[in-house]
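All remarks here apply to the structure that follows.
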Amino acid sequence: DNRGLGYTWPESYQKQIDYTRGPKRFNKVNPGDTKILEGRGVLEGFLNEELEKKRGEFFKHIIYVKKDDRFYDLTTKDEYKKDAINITFAKIFDKAPVREFQDNQDSQIVESMNYRPDKYKKDEPIFEDEQKLKHINTYFPNDELKSVPADNPRRKDVLELFFKLIEFLIPDDDERNWTEDFLATIVQFPGRKIRHSILIYSKKFQIGKSTLFKTMQKILGKQNCSIIGPRQALDRGKGFLVDKQLVLIDEIKSKDDYEERNTILNILKPLMTEEQHDIRPLFKDWKTVYSTTNFFLFTNYDNAISISKDEARYTIIENLNERMEDEFYKDYWRALKDGELANLVKHYLEKRKIKTYDDLEADEKEDGKPLVPLFNAEGVCFKTEALKRMSDKGEHEVFQIAKGLIRQRIDPFHRDVISISEAWDFLKKHKGAKGRSNELAKALEKLGCVRLGESKHNLSDKHPTLWIIRNKGFFTGKSNTEIANNYWLPLLPHEWSVQPSDIGSISNKIREIKAYEEKREPKEPPTVINDKDTYDTIKKVFPDTKVVKE
């Protein structure tokens, strides 16, 4: 077909064209024909121009990645093996496209592919690192979702759905402000690593936790967000670290296996605090990647992870509410999927002021210190009351047993000085404790007890390892031997050569501890509560508080 070429071929020549030989052979006559096609120069010019354009696009969009031994295509934003490149682009070159790529001085070659929101520049997919090495930036923002201000009553009503959801999920003002600053940081500063995460625990299912994350996912774009499970987070591939701005680890479940809960915590923590990670993608070798991925965690279990009260990386938020009415969730999802809700929330987070100390009002600071929590991406988490409760719930079962017995002054912790070997044998035999004795030592340390260590016991000529359970001040200045012989009464006295007459002498000494305790801690009258709901709440949140119902 010669239409559009500005030339009409003679009919006799049209029959001589071999249409089966592809673009490169289009203007050659059949074998044995010595006639020259009229208009050949025009056709060759047209074909060459088209080929040169396609070849130029090839060298513009195809980049070789050294560390992966792959080719990256900017048009598809994906990587390919050399065979795929040869097959895809074979028709525009005289020889193999990869060979053409090797011979061309303008071919683009980089060290690796990196997901770097902080290095993003529109229309500049390649950036240089601190060593002047080139990398492909695989991050691209969600420019399709426009930021829209709530500048009229209708839009304000739509944005109010978001405020209602987050106020319901996070009832505490300080915790909610912290969370909004967390989200605003991700929107305002792409690529900034927040070195702590947020874990939201709810007693009830389907109260809207995932709805909050899906809102962020629509704002940032699905390509920049991911929802994974705990098992996927522990997998050595860790693909989510390569190309995600925000990751939700959902359904963190409770198991009666302290070691597993502790393992999850130990593996997740460096993901949330460090920027360099070793990963092994499927069918590839181990490699180190730079990652600024930030994390949300959701759970319906109050002992989902084993966590310390001194934890600095998990802001624990607790929600004990019932689910809101179904109509609210329907309205929210309708506005999120088909309306402007995500656009409005994006604008709100873009413009939200992340306060520093200088931004606080007079009643929010005192003597150079803030009276409200100030979010700091590079700092530690907000230590909530829920953190303290989850730290207790997530501890080893030996901790749970010891804590209850110590509080109630029940064997083997009814006295102030104990032998850890005796106590451990007792717990295994009478309380069903499992594990190793060092779990008891860890529990006692967390509960504020003091390890004396090996102490010479004169009556038995043995060296038990003793711990002080309470009234530590009383024993200040006393030697281990003195404590072992005067203030320690074994659970099984005869096994330690302690005779009845010795028991009486030791009991008299132990009374000195009791007198010290009563003098040091005078008993206060309990608070009288005449409202059942208030009483139940206080006992649940502060179980050690002395209250009585009237």
Side-chain angles (χ1 to χ4, degrees), residues 74 77 115-125 127 137-170 173 175-194 197-198 200 208-227 240 243-248 291-296 328-356 359 374-378:
L74 292 175
K77 296 182 175 62
Y115 183 84
R116 293 295 296 271
D118 56 320
K119 298 284 188 180
Y120 174 78
K121 291 183 181 179
K122 193 173 183 180
D123 301 324
E124 294 185 24
F127 70 91
N137 194 345
T138 56
Y139 167 79
F140 56 98
N142 184 26
D143 291 334
E144 295 180 1
L145 187 80
K146 303 302 179 184
S147 177
V148 175
D151 53 5
N152 60 51
R154 183 190 62 80
R155 286 177 172 170
K156 288 179 180 178
D157 288 343
V158 174
L159 183 58
E160 192 61 34
L161 290 170
F162 171 76
F163 293 140
K164 184 175 180 179
L165 175 67
I166 201 166
E167 287 173 9
F168 167 75
L169 289 175
I170 311 170
D173 291 341
E175 294 174 8
R176 186 169 59 255
N177 283 327
W178 185 277
T179 303
E180 290 187 19
D181 284 348
F182 181 97
L183 301 177
T185 297
I186 295 173
V187 173
Q188 294 178 24
F189 306 102
R192 187 173 184 180
K193 181 68 173 178
I194 302 175
S197 62
I198 292 178
I200 299 181
K209 301 190 301 292
S210 295
T211 302
L212 175 62
F213 184 82
K214 288 297 180 68
T215 303
M216 288 299 296
Q217 189 175 49
K218 187 161 186 179
I219 291 170
L220 300 174
K222 286 188 176 180
Q223 74 276 10
N224 295 315
C225 293
S226 183
I227 301 176
F240 57 88
D243 59 356
K244 293 296 178 283
Q245 194 175 354
L246 179 63
V247 167
L248 166 63
S291 174
T292 56
T293 304
N294 296 309
F295 293 88
F296 249 116
F328 167 78
Y329 298 102
K330 291 179 182 178
D331 291 343
Y332 192 102
W333 276 100
R334 190 180 303 115
L336 183 62
K337 293 176 66 176
D338 305 321
E340 293 183 309
L341 180 56
N343 310 75
L344 294 165
V345 176
K346 181 178 182 178
H347 184 271
Y348 168 72
L349 294 175
E350 284 177 341
K351 302 303 179 182
R352 177 179 173 81
K353 176 67 175 177
I354 302 173
K355 289 184 178 182
T356 63
D359 299 315
L374 289 177
F375 180 87
N376 179 4
E378 290 74 32

For [X], all residues meeting side chain to side chain donor-acceptor pair (under 3.5 Å), sequence neighbours excluded:
{"X": "S210", "result": "none"}
{"X": "N376", "result": "none"}
{"X": "E167", "result": "none"}
{"X": "D173", "result": "R176"}

- Item | salt bridge (charged side-chain N to carboxylate O under 4.0 Å, His left out) involving K122 - partner list, sequence neighbours excluded | none
- For E144, check salt bridge (charged side-chain N to carboxylate O under 4.0 Å, His left out) against everything at least two apart and list the hits. none
I'd like to check the side-chain contact (heavy atoms from CB on, under 4.5 Å) partners of [X]; sequence neighbours left out, ordered by chain and number.
{"X": "F328", "value": "L161, K164, L165, M324, E325, Y332"}
{"X": "S226", "value": "I228, K244, V247"}
{"X": "K330", "value": "E327, R334"}
{"X": "P117", "value": "Y115, Y139, P190, T292"}

- Residues at least two apart in sequence or cross-chain that pass ring-ring contact (aromatic ring centres under 6.0 Å, His included) with F182, listed by chain then number, are F296
- Interatomic spacing from CG in L212 to CG in L248 - rounded to 0.5 Å: 9.5 Å
- Query: Tell me, do F127 and K121 make a side-chain contact under 4.5 Å, heavy atoms counted?
  - Reply: no
N/O donor-acceptor pairs under 3.5 Å from side chains in residues 339-349, not counting sequence neighbours:
residue, atom, partner, partner atom, Å
E340, OE1, R154, NH2, 2.9
E340, OE1, R155, NE, 3.2
E340, OE2, R155, NH2, 3.3
N343, ND2, K146, O, 2.8
K346, NZ, L145, O, 2.7
Y348, OH, E180, OE1, 2.5
Y348, OH, R352, NH1, 3.0

